[in-house]
Chemist: 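Sharing a structure here in structure tokens format.
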Amino acid sequence: MSLWEYANPVKFLNLSGRVLPWVALLSAICLVVGLIWGFFFTPDDYRMGSTVKIIYIHVPAALMAINAWFMMLVASLIWLIRRHHVSALAAKAAAPVGLVMTLIALITGAIWGQPMWGTWWAWDPRLTSFLILFQFYIGYLALWKAIENPDSAADLTSILCIVGSVFAVLSRYAVNFWNQGLHQGASLSLDKEKNVANEFYHPLLFSIAGFVFLFLVLVLIGTRSEIRIRRASVIVARKIR
Amino acid sequence: MFMVLSVQDLCIARSGQVLMTDVNFELAAGQALIFKGPNGLGKTTFLRVISGLQPALSGKIHAKEDSFAYTAHADGVKPSLTVAENLQFWADIFDNQNIDTALSAFGLNDLKSRFAGLLSAGQKRRLCLARMLISNRPVWVLDEPSVSLDTASVTQLEEVIKQHLQNGGAALIVTHGHLDLGPSCKTVNLGEYKSNRAVYGDGAEAFL
Amino acid sequence: MRAVLLRDLRLAMRVGGGFGLAIMFFLIVAVLVALGVGPDVALLSDISSGILWVIALLACLLSLDRIFSLDYEDGTLDHLVIAPLPLESVVLAKATAHWLTTGLPLGLVSPLVGLMLGLPAEGYLWLVLSLALGTPALSVIGTFGAALTLGLKRGGLLLSVLILPLYVPTLIFGAEVARRGSIGIELQTPLWMLLGLSFGVVAILPFASAAVLRINLR
Amino acid sequence: MTLELGKYTSFVLSAYVITIVLLALLIIYVLWRNAKSKALLQDAELHKDA
């Protein structure tokens, strides 16, 4: 009973139905714990004062924005190679979540940077690369909406996602080169490695876990609705012939 | 009789809709098949699948590589190029240099230097059919070739196809009009292959 | 492959007004920028290389949706798919035709427009060079976008939404080469990056575009 | 530990509020789409046998 067996949409519906409530519960717990702990029970940073509390939403959102696109890339590859509908629809369901995560990362990043940089938008390379990632998400979703035939839509968006990933990485370095970072990042670097004093670190882990589970829940629900819509259209199409 | 083309239990779908199932036939050199069938059956999709433009749902098509020359409803003629330039372009693509035989076969010699945009529908159709000769490929796939052709041009077309059959070519023709191509031509009614069951493997099947 | 290229060029000359269109666009937008930003030459000359690159990019973008749509509508694309030559070479021929009618003329005309925007003297060579090296990548990426939006209703708008993020690396490196050239500082790194990017894109992207075409023609 | 955010209170609060609002909108959108798909499927299943 290989993993691919769950690529069958109907089986996937049953499995995801059982798993969904638990993941939702887990995500809720982690989010609440992470945010409450981070918001109320951590001291202010000696230099940045209370704005450090923003890391509990900015870092997880930024992480999810990047990993959402990576997940869509993997799902697109699976669709192109093994032609499993669930992975194509999962990629489609993940896109809006990734888009909102990027938006959150952008806004919280700008708010966080304001006191340090003195302006709302300071073309910091990291924030700019999220702005570009945001455009990639917009393009990806726009292509999904523009094509009627579901199968060729899945193929085309998968190819766009793969090509887009290459250019996203290129843009990431081009932006870094373009502006070596107006201001050095705060004591915390926005990328994955977190050099943070540990009393900030544990709540951060929780809120990251919370965001990851939230992402999973939303993608599972999204994929299920995509499958149902596809199933309905197939039934209708088959009936009226 | 050397088989130019053989098709085994072919299933054809168009955007998730199964149209025809278990289509089987063979085509020998020098033979022509005329396909009849009601509108909307998917005759055009059928020809596109045979000529390799579109993948079939299932089933096999045995034919030599690059042996199809396909003519669709759309003429594929560039209005801003002259007749000769249009044909010369395709001659370069199929690297066969003499476009004169094709021009004379369809009586386009005197229109050689005229812009294709100024041609009548019938003349454009003849220019499109002239491409068949240039491609010098054994199996001709013609989708409504005689549309917008006057009687003189239809006989001209019949002449060309018979000539093609004589020197070992073959042809698959979908037409509502009547084309008499002599003894070696059979008529097939595609209606009987109309699909009545879902076929496993088509994209939508997985959702049921 | 050569036949497709020659035919497309001939078509561009007769119908599309050839590269006149791109040059006109380039000129007009440069004037608009000057009118918008104001006559202060000092300011204009600072931003001139970047502005010229952005205008060149937009000029490429505008003429992208014509690459496949004409052939798609009149059925020529179907015949090209069946023709003996590989689809990748058709895509490359189309991209080259687009480059010859937009990218290259822009590069050649850019000094004239640079003059108008007060580009510093030593900037001209690098502007032309960066455009000449960068625009092939713009054309090939654009061809990929044109293939993606083939046959879609409002494809033109979608094309720019899809393509602009893909243009970012080329724009950054190209404009950087032009900017550093205009202020005369060392520009090896962006130049090599631009070269690497252009060659990589021209070599690999046509395969993706051909795959997309096959899917769209299905 | 009393909650005292100092001079950056408005920034921290606005960041949190915006995030929560955006996440809420996303969750509502996903749930709405889920309900719509359920209705669509029921409707199709219903007519399947009719």
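If you're wondering where the values come from, they're calculated on a predicted model, not measured in any experiment. Each chain gets a letter, A, B and so on, in the order its sequence line appears, and its residues count up from 1.
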Chemist: With distance as the sole criterion, is a donor-acceptor pair present between the side chains of C:Ser182 and C:Trp126 under 3.5 Å?
Modeler: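 Absent: no donor and acceptor within the cut-off.
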Chemist: Measuring from atom CG of C:Leu108 to atom CG of C:Leu112, what distance do you get when rounded to the nearest 0.5 angstrom?
Modeler: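 C:Leu108 CG to C:Leu112 CG: 11.5 Å, rounded to 0.5 Å.
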Chemist: Distance check, rounded to the nearest 0.5 Å: C:Ile82 atom CD1 versus C:Leu87 atom CG?
Modeler: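 Nearest 0.5 Å value for the CD1-CG distance: 11.5 Å.
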Chemist: With rounding to the nearest 0.5 angstrom, report the CG to OG1 distance, C:Leu133 to C:Thr135.
Modeler: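 It is 8.0 Å, given to the nearest 0.5 Å.
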Chemist: Do B:Ile50 and B:Leu5 have side chains that approach each other closer than 4.5 Å (heavy atoms only, starting at C-beta)?
Modeler: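 Side chain of B:Ile50 against side chain of B:Leu5, heavy atoms only: contact under 4.5 Å found.
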Chemist: Which bit of C:Leu80 comes within less than 4.5 Å of chain B, counting heavy atoms only: side chain, backbone, both or neither?
Modeler: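 Both backbone and side chain.
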Chemist: Are there donor-acceptor atom pairs under 3.5 Å between chain C and chain B, and if so which?
Modeler:
residue, atom, partner, partner atom, Å
C:Arg14, NH1, B:Ser80, O, 2.9
C:Arg14, NH1, B:Glu85, OE1, 2.8
C:Arg14, NH2, B:Glu85, OE1, 3.4
C:Arg14, NH2, B:Glu85, OE2, 2.8
C:Asp71, OD1, B:Lys78, NZ, 2.4
C:Asp74, O, B:Gly76, N, 2.7
C:Asp74, OD2, B:Lys78, NZ, 3.0
C:Asp78, OD2, B:Arg48, NH1, 3.0
C:His79, ND1, B:Tyr70, O, 3.1
C:Ile82, O, B:Arg137, NH1, 3.1
C:Ile82, O, B:Arg137, NH2, 3.3
C:Leu217, O, B:Arg48, NH2, 2.7

Chemist: So which part of C:Leu70 gets closer than 4.5 Å to some heavy atom of chain B, the side chain, the backbone, both or neither?
Modeler: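 Both backbone and side chain.
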Chemist: For the residue pair C:Phe68 and C:Thr143, establish whether any side-chain heavy-atom pair is separated by less than 4.5 Å.
Modeler: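 They are in contact (side-chain heavy atoms under 4.5 Å apart), so the answer is yes.
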Chemist: Using side-chain contact (heavy atoms from CB on, under 4.5 Å) as the criterion, point out the one residue from C:Leu213, C:Leu205, C:Leu64, C:Val91 that pairs with C:Phe144.
Modeler: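 With C:Phe144 as partner, C:Leu213, C:Leu205, C:Leu64, C:Val91 yield a single side-chain contact (heavy atoms from CB on, under 4.5 Å), made by C:Leu205.
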Chemist: Against chain C, label B:Val49 side chain, backbone, both or neither, depending on which of its atoms sit under 4.5 Å from a heavy atom there.
Modeler: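 Contact with chain C is absent: no heavy atom of B:Val49 under 4.5 Å.
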Chemist: Verify the neighbour count for atom CZ of B:Phe25: are there more than 12 heavy atoms of other residues, nucleotides or ligands below 6.0 Å?
Modeler: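 It does: B:Phe25 CZ has more than 12 such atoms within range.
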Chemist: Of the listed residues (B:Leu53, B:Ile93, B:Val77), which shares the most heavy-atom pairs with chain C below a 4.5 Å separation?
Modeler: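 Among the listed options, the one with the most contacts to chain C is B:Leu53.
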